[in-house]
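These notes are about the structure you will find just below.
These values consider heavy atoms only, across backbone and side chains, with no hydrogens, waters or symmetry-generated copies. Index from 1, following the sequence.
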Amino acid sequence: MDQLTIYEKIGPNYMLLELTGAINAYTLGDFQEKVYRYILDSNVVLDMSKVVSVDSSGVGVILAGYNDGLESSTKLFIMNPSESSRHALERTGFLDCFDIIHAVTEVSDVS
């Protein structure tokens, strides 16, 4: 079975979730809970540089977090997406909706 490791880091105007592994139906629980909880009060940065795969349920959580951010006046950022995570988001046609960043310092520039 796949695994997903999530490290949380608090920044001045964001919550950083460093993701390692696969985002899929088997690993979704903790990821979904954290994205939905943090996006209500803070910008959320998903460091996806070490994500090996994302299935449709994972993309669904990311899109829902993005939409929740719009309703809460916060933003969801994708930082350094791996090739496989970028490809998964491109397949949905929504890649251009996301703020793709290369460093957390860009959060203050976009907010």
Side-chain angles (χ1 to χ4, degrees):
M1 187 182 327
D2 297 321
Q3 288 191 331
L4 177 65
T5 304
I6 304 170
Y7 294 104
E8 302 173 47
K9 295 183 180 177
I10 299 171
N13 61 338
Y14 60 86
M15 172 59 78
L16 172 64
L17 300 178
E18 293 180 344
L19 309 170
T20 303
I23 304 173
N24 59 40
Y26 300 105
T27 64
L28 212 53
D30 194 31
F31 173 62
Q32 181 175 355
E33 186 269 324
K34 289 175 193 256
V35 169
Y36 291 176
R37 178 171 22 122
Y38 293 134
I39 198 68
L40 296 176
D41 300 315
S42 175
N43 295 315
V44 172
V45 177
L46 302 178
D47 179 350
M48 298 182 72
S49 61
K50 297 178 184 170
V51 171
V52 295
S53 65
V54 183
D55 73 3
S56 59
S57 60
V59 171
V61 169
I62 295 167
L63 284 170
Y66 171 81
N67 289 330
D68 287 354
L70 292 175
E71 293 175 9
S72 301
S73 298
T74 58
K75 287 189 176 185
L76 185 134
F77 296 87
I78 307 289
M79 185 168 75
N80 297 324
S82 65
E83 190 63 36
S84 62
S85 58
R86 179 180 286 277
H87 181 68
L89 294 171
E90 282 175 345
R91 285 193 323 252
T92 66
F94 291 108
L95 182 65
D96 293 338
C97 293
F98 297 109
D99 288 303
I100 308 292
I101 61 174
H102 301 289
V104 291
T105 55
E106 294 177 63
V107 173
S108 60
D109 296 339
V110 179
S111 297

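Between the side chain of Thr74 and the backbone N or O of Asn43 there is no donor-acceptor pair closer than 3.5 Å. Checking side-chain atoms of Glu106 against main-chain N and O of Ala103 turns up a donor-acceptor pair under 3.5 Å. Distance alone, capped at 3.5 Å, is enough to place a donor-acceptor pair between the Ser82 side chain and the Val51 backbone. At least one donor-acceptor pair closer than 3.5 Å links the side chain of Thr92 to the backbone N or O of Leu89.
Looking only at side-chain heavy atoms (C-beta outward), His102 and Asn80 come within less than 4.5 Å of each other. Here the side chains of Val107 and Asn13 are in contact, with some heavy-atom distance below 4.5 Å.
Of all non-hydrogen atoms in Ile39 and Leu76, the two that sit nearest each other are CD1-N, 4.0 Å. Closest heavy-atom contact between Ile100 and Pro81: CG2-CD, 3.9 Å. The shortest heavy-atom contact between Ser53 and Ser84 is N-OG, 3.7 Å. Taking all atoms of both residues into account, the shortest heavy-atom contact from Ile101 to Val104 is CD1-CA, 4.5 Å. Residue Ala22 comes nearest to Asn24 through the heavy atom pair CB-ND2, 3.6 Å, listed as atom of the first residue, atom of the second, then distance. In terms of heavy atoms, Met15 sits closest to Lys9 at SD-O, 3.4 Å.
For the atom pair OG (Ser57) and CD (Gln32), the distance works out to 8.5 Å, reported to the nearest 0.5 Å. To the nearest 0.5 Å, atom CD of residue Glu90 and atom CG of residue Asp96 are 8.5 Å apart.
In this structure, Phe77 has its ring center at least 6.0 angstrom away from the ring center of Phe98.
Hydrophobic clustering (side-chain heavy atoms under 4.5 Å, transitive across Ile, Leu, Val, Met, Phe, Trp, Tyr) groups Ile62 together with Tyr66. No path of Ile, Leu, Val, Met, Phe, Trp and Tyr side chains, each step under 4.5 Å between heavy atoms, connects Ile6 with Val45, placing them in separate hydrophobic clusters. Grouping the Ile, Leu, Val, Met, Phe, Trp and Tyr side chains by contacts below 4.5 angstrom, directly or via other members, places Leu17 with Ile78. Transitive grouping of hydrophobic side chains (ILVMFWY, heavy atoms separated by less than 4.5 Å) brings Leu63 and Leu95 into a common cluster. Residues Met79 and Val61 are members of separate hydrophobic clusters, defined by side-chain heavy-atom contacts under 4.5 angstrom among Ile, Leu, Val, Met, Phe, Trp and Tyr.
For the residue pair Gln3 and Tyr26, no side-chain donor N or O sits within less than 3.5 Å of a side-chain acceptor on the partner.
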